[in-house]
Protein chains: 2
Amino acid sequence: MSDKPTTIKEIAKLLNISVSTVSRALNDHSSIGLITKMRVKKLAQELNYEPNQRAIQFLQGKSHTIGVILPELSESFFSAAITGIEDIAYKRNYTVLLAQSHDDADREKLLVEKMKTQRVDGLLISVAKTTSTYEHFEALKKLNIPIVFFDRIPPIKNIHFVASNLETGTFEAVNFLLKKGHRTIGMINGPATLIACAERKNGYVRAMTSQRLKFDPSLVMSCDLSESGTIEAMETLLNHKRKPTAIVTFNDYVALFAMRYARNLGLKINEDLDFVSYANLPIINYMDHTPIASVEQFPYKQGKKAANILLDLLNKPKSESGAEQAYFNIVVESELIIGADK
Amino acid sequence: MSDKPTTIKEIAKLLNISVSTVSRALNDHSSIGLITKMRVKKLAQELNYEPNQRAIQFLQGKSHTIGVILPELSESFFSAAITGIEDIAYKRNYTVLLAQSHDDADREKLLVEKMKTQRVDGLLISVAKTTSTYEHFEALKKLNIPIVFFDRIPPIKNIHFVASNLETGTFEAVNFLLKKGHRTIGMINGPATLIACAERKNGYVRAMTSQRLKFDPSLVMSCDLSESGTIEAMETLLNHKRKPTAIVTFNDYVALFAMRYARNLGLKINEDLDFVSYANLPIINYMDHTPIASVEQFPYKQGKKAANILLDLLNKPKSESGAEQAYFNIVVESELIIGADK
DNA sequence: GTTTATTGCGCAAACGGTTGTGTTTAATTT
DNA sequence: AAATTAAACACAACCGTTTGCGCAATAAAC
């Protein structure tokens, strides 16, 4: 039938009234008579009129769209996060422009530029692992396009961000093991360069010392997160003079490698050796051998939180020119989930 | 510094020339003198001018944006698919508007409406499980907004779609088992309502008959895909007078349930009983007991394919009014991957 | 019966670009 | 020197919608 969408002009012409009247009638403006309103609305209905959002966005200088740049959607952490983001955006009548950096700093930079020329109202981003310069973010700031950083936070000042604190969850995890009677607890941590590793270690130390136990650094192994790296760490730990009876692993992948290795040695998982991990894999619940507990980072919740902050920023009354801007630095506490295995 | 983005008008005013000259200068139009071009470009650079895409989109009636509606990003099939879609869109300079239906038909309908008012140039969609009416798609068609359906195809005529054919992969899977010496092969299929189930069954039947083996319908179980349903199916199969030596499961979840059940009975996985499944879970590679082979559906590839088709449709010369429109019905053959376990 | 509100609607500008059609100036041709 | 032409730029319309302002008609007030 119709080729192009109906416009307000056509309605005006058909009714022999002006476009402004049609516009106001459709928006229930008080200065339009009831009869006219009715006529306009009836015709609009018949013609399947829908306002051209692009035109409105252009006119108002607002796109009602937020950009989201994530490293990799196939990582379940991020796909859970985008779901949270999208749910909030949908609820608050915003639209989501999605892009993935694939952990490539250059591509990320291009994507940020693109978001700028697309005139998104705000940006939500988890930066690529390789990103080391941050001027492209400054450009957005100058245009008053707010950015909320998310999970992977760049080391720059005066930014909004939402991140999880793994220290708390780790503390709970180690504490849980201690309460269960363990006294020698190993940890397979990640490469020292990651901030997240320090958080894990801090939680470990705090839990141990809070129980007046001495912290033994040789029980915390660093690991490149590969299977061979995990096995090495396991070998060291299991040959330790104080052989651990429980192990906290950096993530579910490491946990799987470690458990497999332990099983091959004839150890019974969660009998001879207890495992606690960090939740990245939804599938872990379906598996045969799972950690007895898991530190949950709530990516869905974090996504929702970040999106809400961004949308709040977009809708807050204009910051008075003199006033200091407040920055949202939200830390979502991680939490120990016991018996994640169904 | 600057509050609003630089516009072409400001440049014009600063240089005392008209906006049209600025526009043409920036676009290297032939009718603009070299000196003027240089002056304009230099100033544009200094002011960080970037054309307002929203304005251009509005003017040209094209948004250079495609809408993507998927049921659930946390399903790895879809997160892989969106990655393929996004990669192609990025490469071809399109932008992706993302939304999830959460398998809710009503929400999906609203999302389709929203895509329409947002004036996306085209739509890519995998319909919700509960979707049973299809008028909302017709509305887009009337506006010449092409739709490419993807993976979950609605039963309507004259549409473009990309889907995988599980018949092929299943044929290969069963054939593989037959070549391995198996003669009694069980299948735990899904609910009969799904088209995908028929494809699986057909592949199974074709493989058996192609080897001149009789097809025994009682070896193909229907199942609701839950753990208890899987167990029931396993009980029936293992108590069958012709006890299967290999089992093809509907998906990786069912495989996990089935393997767990078998192990609890003391059966050795892939020794006493071989398993073949369909790849949905990337994580399966990390696990201890995995199927010996897996039917891959290439969601990433499917996503790329679907996106390419949609963008081709958008960029093809206008269909002559008289000409019959051709519909893309692309079937991506599934494929058996042997030894998926690392 | 004139003035004053009130109601109902139209006019036109604006958002930021693109593009077809003048218009001016200078160079070239004859 | 007059006529033609090409080069370089300006003018203005346009995309669809909103919105401030003005204007007419009717009703109310005195």
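Everything numeric here is computed off the predicted structure, so don't read it as measured data.
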Does the C/dG10 base have a donor-acceptor partner in the side chain of A/Arg24 within less than 3.5 Å? yes

Interatomic distance where NE2 belongs to A/His29 and C1' belongs to C/dT6 [whole Å]: 15 Å

Looking only at C/dA14, C/dG17, D/dA10, the nucleotide nearest the B/Tyr49 side chain is C/dG17

Between B/His102 and B/Glu72, is any side-chain donor less than 3.5 angstrom from a side-chain acceptor? yes

Of the candidates D/dT18, C/dT19, D/dA10, the side chain of B/Ser18 sits closest to D/dA10

Whole-Å distance separating the CG atom of B/Asp28 from the P atom of C/dT19: 14 Å

Which nucleotide wins on minimum distance to the side chain of A/Phe58, given the candidates C/dC15, C/dT18, C/dG8? C/dC15

State whether a side-chain donor-acceptor pair under 3.5 Å links A/Thr21 with A/Ser18. yes

Using a heavy-atom cut-off of 4.0 Å across all strands, would you classify A/Gly61 as base, sugar-phosphate, or nothing? nothing

Looking only at the side chain of B/Leu59 (C-beta and beyond, no hydrogens), which of the listed nucleotides D/dC14, D/dC9, D/dT17 gets closest? D/dC14

In terms of side-chain heavy atoms of B/Asn27, which of D/dT19, C/dT18, C/dC9 is nearest? C/dT18

Donor-acceptor pair under 3.5 Å, B/Ser20 side chain vs D/dC9 base: no

Between C/dG17 atom P and B/Leu26 atom CG, what is the distance in whole Å? 9 Å

Roughly, in whole Å, what's the span from NZ in B/Lys4 to C1' in C/dA14? 15 Å

Check the phosphate of C/dC15 against B/Lys9, side-chain N and O only, distance under 4.0 Å to OP1 or OP2. Yes or no? yes

Which nucleotide sits closest to the side chain of A/Thr36: D/dC9, C/dT18, C/dG8? C/dG8

Has B/Thr7 got a side-chain N or O lying under 4.0 Å from the OP1 or OP2 atom of C/dC15? no

Identify, between B/Thr21 and B/Gln60, the residue whose nearest nucleotide on DNA chain D lies closer to the 5' end. B/Thr21

When the distance from CG of B/Asn52 to P of C/dT18 is rounded to whole Å, what number comes out? 10 Å

In whole angstroms, how far is the P atom of D/dT17 from the NE2 atom of A/His64? 17 Å

Could you label the plane-to-plane angle of the A/His160 and A/Tyr327 rings as parallel, tilted or perpendicular, counting under 30° as parallel and over 60° as perpendicular? tilted

Does a side-chain N or O from A/Ser23 land closer than 4.0 Å to OP1 or OP2 of D/dT17, or not? no

Roughly, in whole Å, what's the span from CD in A/Gln57 to C1' in D/dC15? 14 Å

Closest-nucleotide 5' rank along DNA chain D - winner of A/Glu50 and B/Asn16: B/Asn16

Just so I know, are the side chains of B/Arg152 and B/Pro71 near enough to count as touching, which here means a heavy-atom distance under 4.5 Å? yes

Does A/Arg107 make a cation-pi contact with B/Tyr90 (under 6.0 Å, within 45 degrees of the axis)? yes

A cation-pi test, strictly: NZ or CZ of A/Arg119 under 6.0 Å from the centre of the six-membered ring of A/Phe58 and no more than 45 degrees from its axis. Yes or no? no

To the nearest Å, give me how far apart CD1 (B/Ile17) and P (C/dG17) are. 14 Å

